[in-house]
Amino acid sequence: MAKTQTLEKGETESHVGRRDFIVVATYAMAGIGAAAVAWPLIDQMNPAADTLALASIDVDISKIEVGQAITVKWRGKPVFIRHRTEDEITSAQSVDMGDLKDPQTDDERVTNPQFLVMVGVCTHLGCVPLGQKTGDIKGEYNGWFCPCHGSHYDSSGRIRKGPAPLNLEVPPYQFASNAVIKIG
Amino acid sequence: MSADKFSNPVVRWIDHRLPIFSFMDHELNEYPTPKNLNYFWNFGSLAGISLVIMIATGIVLAMSYTPHVDYAFESVERIMRDVNHGWLIRYIHMNGASFFFIVVFIHIFRGLYYGSYKAPRELLWILGVLILLLMMATAFMGYVLPWGQMSFWGATVITNLFSAIPFIGDSIVTLLWGGFSVDNPTLNRFFALHYLMPFLIVGVVILHLVALHRFGSNNPIGIDVSGPQDTVPFHPYYTIKDFFGLSIFLSLFAAAIFFFPNFMGHPDNYIPANPMQTPAHIVPEWYFLPFYAILRAVPDKLGGVLAMFGAIAVLFVLPWLDRSPIRSGNFRPLFKIFFWVFVVDCVALGYLGGMPAEGIYVVLSRVATAWYFLHFLVILPLLSVIETPKPLPQSLSKSVLGGAAMAGAASAVKEKVR
């Protein structure tokens with residue numbers, strides 16, 4: 001295609017920029033249009049309304065004996081709820097912050113020290129740590145142990161040893177009553 | 001076509017090894033195109049864009065659709081209510097099918113009027129008919145997926161067409177169903193095939209384009225391009241024309257999606273499929289109605305099926321039925337009349353296909369069906385013998401630039417015809 005550009009009457013070379021502006025503006029509009037079309041096609045992969053509607057659950061914790069733990073499913077992930085013993089609470093509270101990779105006091109991680117609620121997904125690469133059942137390996141800090149790559153968590157679910165960078169995540173939750181917590 | 005036409009050194013480096021930029025430049029930029037194309041030549045690119053829209057929205061819909069008889073209907077309703085923008089994407093896909101057929105039908109009638117099927121474009125035409133067949137199969141299977149009443153009974157009726165085949169018909173139908181009725185295996189395979197076939201269409205479209213670019217586009221006066229003076233580069237002349245046409249098309253398409261998305265659908269398809277009860281009045285989607293009318297016009301099971309498939313099959317041999325060397329209908333006074341009669345006949349078949357199969361509608365369907373085949377099998381071959389065409393212009397460029405050049409060509413054409 002010939003690249004000759006005819007200049008309009010009275011237009012000099014230095015004003016060709018005006019045409020460039022029109023070209024750039026056209027491409028910009030086309031780009032905005034393309035992005036606007038692409039967005040719904042991409043955004044449909046985000047959680048749908050019915051998926052988001054399942055985002056909170058109620059859990060009855062009155063049946064959990066001291067020393068026992070249950071695992072419930074919340075947003076497709078396991079949530080650990082542990083009714084901790086006095087020993088576990090004391091040891092969790094007495095840890096020196098300097099020993100922690102992701103420093104957090106036990107108080108920051110619980111609402112009621114007796115019940116530890118956290119997402120049971122290792123912060124390394126997403127496996128579910130052991131330690132919920134009696135007989136499970138609980139790791140060197142008497143909490144949880146991730147069998148995938150060897151991360152050790154203490155009785156407050158904090159990372160103590162191994163490749164995981166962060167403590168086990170505490171989900172948003174509140175006590176709906178003494179017996180029921182609402183997660184999410 | 002030397003590589004140094006690109007200023008960007010990276011482009012030059014790649015193009016030397018993989019001449020993709022030269023190819024695109026040759027086929028989309030400098031590609032010489034007859035300078036007299038009218039807006040009917042927009043519909044090829046519109047069809048291509050429609051195909052892209054259908055594939056893009058279809059892949060996205062498949063992410064939320066469940067091909068199971070117990071979940072299909074609900075998964076479509078979930079797309080409509082819960083999936084982000086799902087209602088928009090589904091309405092685009094649903095109406096996109098109709099708009100795709102509108103565009104393709106106009107594209108076909110353009111080819112019929114301007115003789116675009118004639119030598120040396122016979123294979124181009126045949127590939128186009130093949131695309132139409134694939135589109136029909138794809139559209140039919142897509143309509144089954146929402147698993148509403150029309151989906152189910154459409155699937156039942158269309159698959160039963162094959163039972164008309166002597167001896168092996170029933171076995172073929174059982175094979176299509178994967179059981180003894182339209183059921184979960186049928187739905188599963190239709191989903192798989194509905195996903196596959198658009199990509200087959202893409203393959204045939206590529207062949208269609210290769211065949212097109214061999215001799216270039218036909219044009220409204222139907223005479224061959226005689227040199228560079230008859231053509232303009234595709235870009236920017238036809239890119240801009242195609243984009244303008246596209247903007248009109250998309251405006252109409254958007255109007256349908258946002259203001260009457262269910263106009264071309266059927267309300268019964270929002271009732272979940274019920275194998276125990278057929279809806280009182282079952283009709284296929286509008287784009288199948290002419291063929292449906294032909295099916296019902298023949299009072300014999302096998303005959304009706306053959307007539308329906310024959311209505312498409314006859315298009316494959318059209319280049320050898322119309323022997324007139326004049327391509328464009330503009331210069332064929334008799335053909336022009338019969339062309340418009342044929343258009344009316346096709347529209348009438350479409351109307352009759354949507355009416356109940358009783359009384360006057362049956363009679364009219366038979367007349368219209370007979371005319372359809374008469375047009376191809378008798379009228380077109382006959383016209384190419386008895387018709388005296390009008391004088392053709394001497395060249396494409398003269399026809400564009402003014403009438404003075406039109407004279408004098410008359411005698412030359414008559415020579416050519418005989």
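A note on names: the letters A, B, ... follow the listed sequences, proteins ahead of strands, and every chain is numbered from 1.
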Task: Minimum side-chain heavy-atom gap L41(A)-M63(B) below 4.5 Å - done: no
Open item on the list: For E74(B), I'd like to know if atom CD has over 12 heavy atoms of other residues, nucleotides or ligands within 6.0 Å.
Closed with: no
Open item on the list: Would you compute the distance between atom NE2 of H85(B) and atom CD1 of I42(A) and round it to the nearest 0.5 angstrom?
Closed with: 10.0 Å
Open item on the list: Let's test your reading of the structure: which of D43(A), L52(A), N46(A) forms the most heavy-atom pairs below 4.5 Å with chain B?
Closed with: D43(A)
Task: Neighbour count above 12 (heavy atom, 6.0 Å) for I271(B) CD1 - done: yes
Task: Heavy atoms from other residues, nucleotides or ligands near OH of Y237(B) exceed 12 (cutoff 6.0 Å) - done: no
Open item on the list: For D96(A), is the CG atom crowded, meaning more than 12 foreign heavy atoms sit under 6.0 Å from it?
Closed with: yes
Task: Residue, of I79(B), L61(B), I89(B), N84(B), that accumulates the most heavy atom pairs under 4.5 Å with chain A - done: N84(B)
